[in-house]
**Q** 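First the structure, then my questions, so here it is.
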There are 2 protein chains.
Amino acid sequence: MSPARPPGRRPGDADVTRHQILEAARATFAEAGFERATMRAIAGRAGVDPALIHHHFGAKESLFAAAHRLPDPRAALEPILTGPAPGMGERLARFYLQLATTPDSPVVSLFRAAATNDAAARMLREFIEHGLLGTAEDVLPYDRPRLRLALCATHLIGVVFGRSIVAVPEMTEPDVEELVALLAPALERYLTEPL
Amino acid sequence: MSPARPPGRRPGDADVTRHQILEAARATFAEAGFERATMRAIAGRAGVDPALIHHHFGAKESLFAAAHRLPDPRAALEPILTGPAPGMGERLARFYLQLATTPDSPVVSLFRAAATNDAAARMLREFIEHGLLGTAEDVLPYDRPRLRLALCATHLIGVVFGRSIVAVPEMTEPDVEELVALLAPALERYLTEPL
DNA sequence: GTATTAATTCAACAACTGATGAAATAGGAG
DNA sequence: CTCCTATTTCATCAGTTGTTGAATTAATAC
């Protein structure tokens, strides 16, 4: 079946292997969720022994955390929320949907895992609270900025849930730009108009 | 530990036991999701041997299906969508949030399970497509009724995801009526205004 | 009252899971 | 060249999981 590599350190760069493991982990977690993504499946996909994953990343939860270390969204979010109010909803929807509708998106992976794994839910909560809502608090020039962005975020999360996880046809058929056009007005009202 | 009941049929009504099993299954699935809700945990909660569950309901997936046989939402949804346009968003939000924010809500349970289990995702998709969007198609007197309600549904799904699964403070702190007030305008525009 | 059927537990299996410790090999420092 | 360290596989463990077949008891039909 598998080529049955010999034991012992491989020639060449070692960082390549770590990278392959993380990529295999992301893909497998995204497809299967936390519990059904087995260490053996990830190892097989990376062409590596399961014990090696444990050696590099520790327990399964640490691997998940390492594979989902998302970048701070501040840099991307700031121009969206400080730019002109007309178009703000559109910019936000496009940014998020492009990020979340790529195949094996780590965003979808996080949603899947957060649904059943407490550690993943905690990760996602921290990311939303600090990464997203914290940025809104700092740069969005309207009252109750955290609540405003939270309303947008839940809406967008639901759309991606319906599109990528439940696969409701009304959400899978339109392409990203059509969805952006449908969602933008509601998001923009949440962000800029009186609540 | 457990009282260690004797083997053999118990005296009294037998339907009570089936009911207890279904209730324990719903609660356990809601808390833990499909994979982490073990047959043994459900059985323990129902005060019953795991083999009895299998005897009554067959495999784990059939148990899940039996425990989540949702009622047809048509009766509840029709007055919401045929009533006066002012207040439609409010009625929809209130109906759904009351249903989905009760402890051990089967709605949340379905979301959790759908995130990692294909059969559950299929169940949820069928429920949305036929139960929800089918009703909208029949009774909502505006163009593209399925898409309109789908946009509302994804928004509400996201809110419940943020509130009951991820536990974002901005969504857990307000009570149901405060959330209704925040969401109603956006929902009503989706339902009744030009898209 | 007897025979059949349904409900229930017990014991156990086979498969799979995450994890560990030891052995083998390569890279790098002196 | 030699020694130490980092990387990698192997073999395996201990625990858990869904599921099954046999045994035991109550309800029900005749």
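Convention: sequence-line order gives letters A, B, ...; per-chain numbering from 1.
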**Q** Taking only N/O atoms, report every protein-nucleotides 20-22 of chain C pair under 3.5 Å with atom names and distance.
**A**
unit_1  : atom_1 : unit_2   : atom_2 : d
dT20(C) : OP2    : His54(A) : NE2    : 3.3

**Q** Phe29(A) and Phe34(A): aromatic ring centres closer than 6.0 Å?
**A**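 For Phe29(A) and Phe34(A), the ring centres are under 6.0 Å apart.
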**Q** Could you walk me through whether Thr116(A) and Glu35(A) satisfy the side chain to side chain donor-acceptor pair (under 3.5 Å) test, starting with their C-alpha distance in whole Å, then the side-chain angles of each, then the deciding distance to 0.1 Å, before giving a yes or no?
**A** CA-CA 8 Å; Thr116(A) 52; Glu35(A) 347 280 333; 2.8 Å; yes
**Q** Is it the case that over 12 heavy atoms from other parts of the model lie below 6.0 angstrom from the CD atom of Glu23(B)?
**A**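 Not buried by this count: 12 neighbours or fewer within 6.0 Å.
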**Q** Using rotation axes that map the C1' atoms of four end pairs onto the next four (five pairs an end), what angle separates the end axes of the helix from dG1(C)-dC30(D) to dG30(C)-dC1(D), to 10°?
**A**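 Between the first-five-pair axis and the last-five-pair axis there is 10°.
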**Q** Looking at Arg144(B), I'd like to know if its CZ atom is crowded, meaning that more than 12 non-hydrogen atoms belonging to other residues, nucleotides or ligands lie closer than 6.0 Å.
**A**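 No.
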**Q** Name all pairs fulfilling the side-chain hydrogen bond (donor to acceptor under 3.5 Å, both in side chains) condition that reach into residues 123-137 of chain B, sequence neighbours left out, sorted by first residue then second.
**A**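 Matches after skipping sequence neighbours: Glu137(B)-Arg146(B).
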**Q** Please list, in numerical order, the residues of residues 25-47 of chain B that have a heavy atom closer than 4.0 Å to any atom of DNA chain D.
**A**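 Result for residues 25-47 of chain B: Ala37(B), Thr38(B), Met39(B), Arg40(B), sorted by number.
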**Q** Find the distance between CG (Leu92(A)) and CG (Leu77(A)) and round it off to the nearest 0.5 Å.
**A**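 It is 6.5 Å, given to the nearest 0.5 Å.
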**Q** With side-chain contact (heavy atoms from CB on, under 4.5 Å) as the test, would you mind laying out the steps for Thr82(A) and Met88(A) before giving the verdict?
**A** CA-CA 9 Å; Thr82(A) 55; Met88(A) 192 181 290; over 6 Å; no
**Q** CZ of Arg94(B) to CD1 of Ile80(B): how many Å apart, nearest 0.5 Å?
**A**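 Result: 10.0 Å between the selected atoms.
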**Q** Could you list, one pair per line, each protein nitrogen or oxygen that sits under 3.5 Å from a nitrogen or oxygen of nucleotides 5-7 of chain D, together with the distance?
**A**
unit_1 : atom_1 : unit_2  : atom_2 : d
dA6(D) : N3     : Arg9(A) : NH1    : 3.4
dT7(D) : O2     : Arg9(A) : N      : 3.2

**Q** Which heavy atom in Leu156(B) sits nearest to a heavy atom in Ala93(B), and how many Å separate them?
**A**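 That closest heavy-atom pairing would be CD2-CA, 4.4 Å.
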**Q** Does the ring of Tyr96(B) carry Arg91(B) above it, NZ/CZ under 6.0 angstrom from centre and within 45° of its axis?
**A**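 No - Arg91(B) does not lie over the ring of Tyr96(B) by the 6.0 Å and 45° rule.
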**Q** Using side-chain hydrogen bond (donor to acceptor under 3.5 Å, both in side chains) as the criterion, list what pairs up with Glu31(A), not counting sequence neighbours.
**A**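 Only Arg45(A) meet the side-chain hydrogen bond (donor to acceptor under 3.5 Å, both in side chains) criterion with Glu31(A).
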**Q** Step through it carefully: locate the ring centre of His155(A), locate the ring centre of Tyr190(B), and say whether they are under 6.0 Å apart.
**A**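 Ring centroids of His155(A) and Tyr190(B) are less than 6.0 Å from each other.
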